[in-house]
Every structure is written in C-alpha cells, then in structure tokens.
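Here the structure is laid out as structure tokens; the discussion comes afterwards.
Protein chains get the first letters and strands the later ones, always in sequence-line order, with residue 1 at the start of each. Note: hydrogens, waters and symmetry copies are ignored here, and every other heavy atom, side chains too, is used.
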There are 2 protein chains.
Amino acid sequence: MDEDTIILQKPLSQLIADQIKARIWNKEIQFGERLLETELAEKYDVSRSTIREAFKIMEIEELVVSQARKGTYVADFTDQDVAEIIELRTLIEASAFMKAIPRLKKKDFQELDKIMEHMKVGADKKDWNELFDLDMKFHSYVVNLCGNSRIIKIYDSLQVQIRTFLMHLDKYYSSHQSFYDEHKELLEALVSTDTETVKERVKNHIEYVEEKLLGVNQENNKLEPEEV
Amino acid sequence: MDEDTIILQKPLSQLIADQIKARIWNKEIQFGERLLETELAEKYDVSRSTIREAFKIMEIEELVVSQARKGTYVADFTDQDVAEIIELRTLIEASAFMKAIPRLKKKDFQELDKIMEHMKVGADKKDWNELFDLDMKFHSYVVNLCGNSRIIKIYDSLQVQIRTFLMHLDKYYSSHQSFYDEHKELLEALVSTDTETVKERVKNHIEYVEEKLLGVNQENNKLEPEEV
DNA sequence: TTAATGATGAATGTCGACAATCGACATAAA
DNA sequence: TTTATGTCGATTGTCGACATTCATCATTAA
C-alpha cells in the first residue's frame, strides 16, 4: 500500500474498492481481467474477506462481474455493452431532464454556468480528463433534480461505466472545442425550458457522444480522427 | 433450518438470501426491520460471513439497505418509494415493450397465450398470489425480448420490489377478473403490433396497477374496495 | 492422434475468533 | 430538570485457517 494513514470511519472495503476502481481507470487493470482475491489481499495487506466485500461493492456499481466458484472479473465493455449502456442512458436522461426542467431555479443555472466556465478552460487546455469530469458534473447536476432517487442511482452507475470505457479509448473522434460547444447548446435548450427542444437536444447530445467520441457508425461520418 | 439437505452447487449465501427474501414476502419480517447478522447466523446455522454475503446479494436487488457500522435494514416502501418505482417501471417497460414488438414471433404469442390461460384459472380461483406470479411472468417475458441485458436486469429488480410491497398490502382495489381483463387487453395490443397502441396500453396498464391495486388517487376513483 | 480419466495445485466458499465501533443507560454537573 | 460524560454490552468490521471446488496437465486407452 502507498500510505497507511489511519483515516477510517469508512470501512476498509470501501477504500479498497475505490483504489481498485482508480486502478481500472488508470488502465493498470484491463477490461475482462480476472481479479484474484488472494493476490489483491496480499497487495493491499488486508484479508480476503475485505477484498471480497470490496468486490461486492464494485459489483453493485457493475464494474465487475462475479460468477460463483468461477471468480470475479473486471467488466468487459464490448460494442454490445456500450450500445446497451448508451440506449439506457438516453432513455433515463431524456426523461430525467424533462422532469428537471420545471424545477430549475436561478441558482441552478448559475451553477451550470460555473461548470461551463470550467469546461471552457478545460477545452483550452485540451484536457480530456478534466472535460469528462465536468461532463459528469453537468449531466448529474440536472439529473439530480428529477426527484427520483432510483433514477439518480441508476444514472450514477451509468456515468461510472461510461467514464470507465471512455478512459480506455486511445483516441476520440471529436475536438475539445466541439465537446464544449455541445454542452453550451444543451444548456441553451435548458434555458428555453421547452420540453421538446430539451428532449431533442439530449438525444442529439448522446448521439454525439456515441458517434464523435466513440467513433461508431463511422461509415456515416466523414470526420478525421483527432489525437488525444 | 427446516432442512439440511446437501444440495449445494449454488453458494450457501445465495440460498440464505432466497430464504430471507421468502420470509419478507411471507410478512414474517416487516419493512424497515433491522436484520442482525448474529441472530440470522444462528437461526440458519451458518457463519456471519455467509449472512453478510447474503445481505450484499439482497442489497443488489435493493431489498435491503445497509449503512456502514449502522446495520442492515429491510427496505421500507414509503409512498414516495412506491411512486418512484412505478415511475421507473413505466419508463423502462414502455420502452422495452416497443423494442420487443418487432421481435415477437409466433411461438412467443403461444407462450403468452399459455400464461393467459393460467391467469384465467387463477382469476377463477381468486388467487392473488398466483395472479401476481403470472403477472411477473407475462411482463418479464415481453421485456426479455428487448435485447438489452441491463434494462432486463433493472426490470427484474423492479419486479421483485413491486411484488414485495404488493404482498404486504392487505387489500386490493381491484377484482381478480378485471386484473385478468387488463392483461388480455395488453396482449391484444401486442398482437396489433402498433407501437403507439402498445405504448398507450402499457402506460394505462401500469396506471391501472397504481390506482386499482394500490388505491392511490382514490379521490378520482369511485370503485368500492374489494377484499382479498 | 484423439478422447477419456485421474491426480495435483490453485482459487473460492465458509468458518470461528478477535478488534473496533456504536447505542443505551447511568451518573454527575449545571 | 436538563445536559454532558463515561461505562458497558451489543453489533459490525476484519482477520487467518480450513474445506470444497475448479482448471490444468499428464497419463492411458481406443
């Protein structure tokens, strides 16, 4: 272990789960890779029980999959998985955004504006990592206003999954600037408070992520790939 | 424990989770009740580790909620929770049904017809328990055709939750016969394969469950309550 | 050569015990 | 009486060890 500070209050298993999650994001652990209880227990200097609990936590977040007596594996995001996640996200987010519209107060727009300012900086710095963080913040902020804790929970889980497979791509079919512009348009739709406009823009926005970031449906797409 | 047959192949923790779930359905365990690891370990004659694992399994199904160092509690379905679950179900099911329509084959309709026949028998016997089982089968069958494993998973979890709080009501604002009729109409809509018709009927159907079974929005409802 | 069988090591499932923490009650101070 | 503090039992968190199951590979028979 890097540190042995005595923080606690959170269970060790939760901390371990966070560490493993970070490792996956950093590509130190690959998709589909098997996670061995014994090995990780030794690595983090904790017991196997603790690792097991950490696995369960990550299983709830759908970051790992475990089969009885077959072991625990990091989720493997095939094209099929990505398509499923995006379909579900579209469904959930379009609905949540529409429910959020009438609840948007002045201070909410101020908050969203602030995120957009940071995103502008991130775009100038061409920092995808920061842009993705702000992207998550932006969308989560609106979805959190929908008032349905179960929808919010599912959405959070989807965000983690999306973030995870985005981190594992080695190039994106979009510029940092247009990523910013996309969110700017989405915000303008929200300001209009017109449900149909918002619904359309959310769907377009997610389509954008699918096509321009992931590069799927490239046969219909003439853009030149940009390096990250 | 009732039996000590040596089945296995499934982890003990999974079997324990099933048993506890059954106990909740049978009202032997109340909503919001605290589940003590020690007590259950003794009751089922297993170690606390096993009970802990069972809790995690139920947590994934959202049947229990656990807070670090505060314990694990059976989910408490407040009116707010029920509203959230139904909202989510409407969203998910309407979408899944529409995606399922073009995939419905002859043998699928035969299967659904068979379920309806059983439901007719259940309605004649005025057996809510059986009707609810068949209701779950009917809806799950169609949703399973949608092709998105994540949507199916969420739907399964919702079914379990709905089934759970339905079992805890002591009366329903609907007759067994009209429960059957509702599904008959839903099936006819599917046969028509018209997306808009199906979408409408799914929403009406879930509204029906909400109003006629749960008795919410009774101010707009002149029906006399029927005993179970 | 191929398929079936059996032995061996590795990994998961389960266990009981100890450690850390929480909640409730009793006691004391204001 | 009310609030604060300290003790103690109860409960969860973590641990290391044993039991069971799985996967691999060598061996053997066809």
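Regarding B:Ile16, its CD1 atom lies at a distance of 9 Å from the P atom of C:dT14, rounded to whole Å. The nearest whole Å value for the distance from the CZ atom in A:Arg34 to the P atom in D:dA23 is 8 Å. The nearest whole Å value for the distance from the CD atom in A:Gln67 to the P atom in D:dA23 is 10 Å. At whole-Å resolution of the value, CZ in B:Arg69 and P in C:dA19 are 16 Å apart. Across the protein-nucleic acid pair, A:Ile51 atom CD1 and D:dC15 atom P stand 9 Å apart, rounded to whole Å. We find that CD of A:Glu33 is positioned 16 Å from C1' of C:dA11, with the value rounded to whole Å.
Residue A:Ser47 places no side-chain N or O under 4.0 Å from the OP1 or OP2 atom of D:dT14. Contact annotation: A:Thr72 does not reach the phosphate of C:dT12 (side-chain N/O to OP1 or OP2, under 4.0 Å). Put simply, A:Arg48 has no side-chain N or O that comes within less than 4.0 Å of OP1 or OP2 on C:dC15. Residue B:Thr38 has no polar side-chain atom (N or O) positioned under 4.0 Å from OP1 or OP2 of D:dA10. One finds a side-chain N or O of B:Thr50 lying less than 4.0 angstrom from the OP1 or OP2 phosphate oxygen of C:dC15.
Looking at B:Phe179 and B:Tyr172, their side chains never come closer than 4.5 Å, going by heavy atoms from C-beta outward.
Mapped onto DNA chain D by nearest heavy atom, A:Ser49 and B:Gly71 fall at different nucleotides, with B:Gly71 at the one closer to the 5' end. Comparing B:Lys70 and B:Glu53, the nucleotide of DNA chain C nearest to each residue sits closer to the 5' end for B:Glu53.
Among the atoms of the strands shown, only primed sugar atoms or phosphate atoms (P, OP1, OP2) are found under 4.0 Å from some heavy atom of A:Leu35.
Distance check, rounded to the nearest 0.5 Å: CZ of A:Phe55 to OG of A:Ser13 gives 12.0 Å.
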Exercise. Any chance you could lay out the side chain to side chain donor-acceptor pair (under 3.5 Å) test for B:Ser49 and B:Glu53, step after step, and finish with the verdict?
Key: CA-CA 6 Å; B:Ser49 318; B:Glu53 302 247 337; over 6 Å; no
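For B:Leu36, taking side-chain heavy atoms from C-beta onward, the closest of the listed nucleotides C:dC15, D:dT11, C:dA11 is D:dT11.
Between the side chains of B:Tyr208 and B:Ser174, at least one donor N or O sits under 3.5 Å from an acceptor N or O.
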